[in-house]
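Everything on this sheet refers to the single structure shown next.
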Amino acid sequence: MTPEQLLTVERALLAGVLSEDAWREALMRLAELAGASYLAVMSRDEGTGQFHVTEPVELSARLLEDYEAEFRAINPWNAMDVLSRDGETYLDWDVLGQGFIRRCPFYQEFMRPHGLAHMMGHRVDTQEGTRHYLSLHKQVGDAAFDAGAVAAVSAVHGSVGRALAVRQELRGLQQAHAWQRAVLDTLSVPVMLVDGTGCVRQANRAAEAWLSGPGGRLFVGGAGRDRQALLGIVRQALGGPGAPPRLASVRLSFDADHAGTACVAIPVGEGDERLAVRAETALLMIWPTRPREPAQALLRQAFGLSAAEARVAALMAQGYTPQAIAGLRSVGEATVRTHIKAIFRKMHVHRQHDLARLLTELSLVDAPPD
């Protein structure tokens with residue numbers, strides 16, 4: 001094992017963070033460094049203690065199928081307190097002994113028929129506390145792993161742990177992104193995640209369709225007053241020094257292609273784990289110009305209000321008090337106030353005046369009388 005060989009493996013592990021092909025190549029280089037023919041990344045069920053293959057490298061589908069279906073249960077690792085700490089290495093011939101290996105069903109009924117012989121395990125923990133196990137194997141007829149193989153794997157222990165941690169983090173972000181996109185795609189209105197420069201980071205299907213038309217010029221190469229108005233509400237939603245993030249809206253009116261289009265920018269807080277986006281990104285909702293729809297239907301679609309909440313919101317925006325709304329709707333004032341709390345929460349406003357201003361700007365209701 002030379003410094004150049006170690007450097008080659010470490011570089012391959014770094015490249016494998018973003019590429020599955022490069023990751024497989026990195027693990028194969030690691031196996032070669034230890035003199036192994038096969039390698040797999042495994043996990044251990046904390047409840048049963050049994051090991052599972054999570055990332056096979058160059059292992060046949062038949063071998064994996066047999067292991068998971070039957071032979072995993074008789075893997076001697078499962079019955080032993082092995083690999084109990086980060087960086088520990090396990091050599092089967094050293095722990096089990098050659099006599100046990102010759103009698104063990106796992107070796108004789110599973111490993112040998114698949115051409116596998118000696119086994120080495122190495123535990124790698126990430127900073128997040130996740131435990132990974134490298135399972136390296138020799139072919140039948142090869143010499144057992146020795147101290148040199150242990151030293152080789154131990155030498156890249158830190159690099160393997162860092163690479164596994166980053167891959168795990170990226171997978172989590174990808175899963176969060178998939179959840180987010182699935183949710184946004186259920187909305188029929190265009191919804192985008194936009195930064196302070198007007199760059200669209202993500203968009204649902206409705207937004208992609210809108211951006212492919214004249215609306216796209218607001219984000220690509222646009223320099224008109226409508227673009228400035230749009231950026232203005234995005235920056236209000238992002239906040240800044242002395243200006244906390246707040247919901248902002250505008251109805252575009254300068255460009256004939258966009259006139260009448262309503263836009264709402266909603267702050268996205270750092271604590272919103274479901275969206276998995278950074279604080280400098282705002283959620284932008286667009287209502288392209290179209291025949292006017294009933295205000296209550298738009299409120300229900302855009303903000304997720306119930307039918308009763310939409311009716312109360314429309315009346316509040318026109319200046320009615322909770323007592324007056326209760327009389328008009330023939331319901332108790334406590335019921336109306338419950339609806340109001342839900343409306344404020346869903347629409348990200350805190351006062352009746354803010355609600356009236358938002359709905360008036362979106363032309364969902366007429367301006368209240370002075």
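Using a 4.5 Å heavy-atom cutoff, the side chains of Val124 and Leu164 are in contact. Residues Met347 and Leu305 meet the side-chain proximity criterion, which asks for heavy atoms closer than 4.5 Å. The shortest distance between side-chain heavy atoms of Met192 and Trp210 falls below 4.5 Å. Between Tyr38 and Gln139, the closest side-chain pair of non-hydrogen atoms falls below 4.5 Å. Side-chain atoms of Arg329 and Val336, non-hydrogen and from C-beta on, never get closer than 4.5 Å to each other. Arg123 has its side chain out of reach of Met42: every pair of non-hydrogen atoms, C-beta onward, lies at least 4.5 Å apart. Looking at heavy atoms from C-beta onward, Val53 lies in side-chain contact with Glu68 at the 4.5 angstrom threshold. You'll find the side chain of Ser37 stays beyond 4.5 Å of the side chain of Lys138, heavy atoms only.
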- Task: Evaluate side-chain contact (heavy atoms from CB on, under 4.5 Å) for Ser154 paired with His122, printing each intermediate quantity in order.
- Result: CA-CA 8 Å; Ser154 298; His122 183 82; 4.1 Å; yes
- Message: If you apply the rule side-chain contact (heavy atoms from CB on, under 4.5 Å), what do you find for Ser43 with Arg131, and how did you get there?
- Response: CA-CA 7 Å; Ser43 64; Arg131 301 171 183 175; over 6 Å; no
- Message: Could you walk me through whether Met119 and Tyr107 satisfy the side-chain contact (heavy atoms from CB on, under 4.5 Å) test, starting with their C-alpha distance in whole Å, then the side-chain angles of each, then the deciding distance to 0.1 Å, before giving a yes or no?
- Response: CA-CA 10 Å; Met119 195 166 47; Tyr107 281 81; 3.6 Å; yes
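In terms of heavy atoms, Phe106 sits closest to Ile74 at CB-O, 3.4 Å. When all heavy atoms of Val156 and Leu33 are compared, the closest pair comes out as CG1-CD2, 4.4 Å. Between Ile325 and Val312, the closest heavy-atom pair is CD1-O, 4.0 Å. Counting all heavy atoms, side chain and backbone alike, Pro245 lies closest to Leu238 at CG-O, 3.5 Å. Nearest approach of Ala342 to Glu309, heavy atoms of both residues: CB-OE2, 3.2 Å. Scanning both residues, Pro322 and Ile340, for their nearest heavy atoms gives CG-CD1, 3.8 Å.
Here the side chain of Trp93 pairs a donor or acceptor atom with the backbone of Phe145 at under 3.5 angstrom. In this structure, Gln352 contributes its side chain and Tyr320 its backbone to a donor-acceptor pair below 3.5 Å. In terms of modelled atom types and a separation under 3.5 Å, the side chain of Thr54 and the main chain of Val41 share a donor-acceptor contact. A donor-acceptor pair is defined here as one N or O able to donate and one able to accept, closer than 3.5 Å; no such pair exists between the side chain of Asp94 and the backbone of Gly97.
Annotation: the span from Arg72 atom CZ to Leu64 atom CG amounts to 12.0 Å, rounded to 0.5 Å. Here the CE atom belonging to Met120 is positioned 6.5 Å from the OG1 atom belonging to Thr89, to the nearest 0.5 angstrom. Taken to the nearest 0.5 Å, the CG atom of Asp66 stands 4.5 Å off from the CZ atom of Arg62. Rounding to the nearest 0.5 Å places CD of Glu208 at 7.5 Å from CG of Asn204. Rounding to the nearest 0.5 Å places CG of Leu27 at 6.5 Å from CG of Leu30. In this structure, CZ in Arg24 is found 14.5 Å from CZ in Arg29, a value given to the nearest 0.5 Å.
With Phe344 as reference, Met316 is the one residue of His339, Arg351, Met316 to meet the side-chain contact (heavy atoms from CB on, under 4.5 Å) rule.
Using modelled atom types, one finds no donor on one side chain facing an acceptor on the other under 3.5 Å when comparing Ser159 with His157. Looking at Asp142 and His118, their side chains never bring a donor and an acceptor atom within 3.5 Å of each other.
Residue Ile101 is not grouped with residue Val140 when hydrophobic side chains (ILVMFWY) are merged at heavy-atom distances under 4.5 angstrom, including chains of intermediate members. Leu231 and Leu211 fall into different hydrophobic clusters, where Ile, Leu, Val, Met, Phe, Trp and Tyr side chains are chained together by heavy-atom contacts under 4.5 Å.
Each ring pair (Phe, Tyr, Trp, His ring centres under 6.0 Å) pair with one or both residues in residues 47-79, not counting sequence neighbours, appears once here: Phe51-Trp77, Phe51-Tyr133, Tyr67-Phe110, Phe71-Phe110, Trp77-Tyr90.
A salt bridge links Arg85 with Glu88; the closest basic N to acidic carboxylate O contact falls under 4.0 Å.
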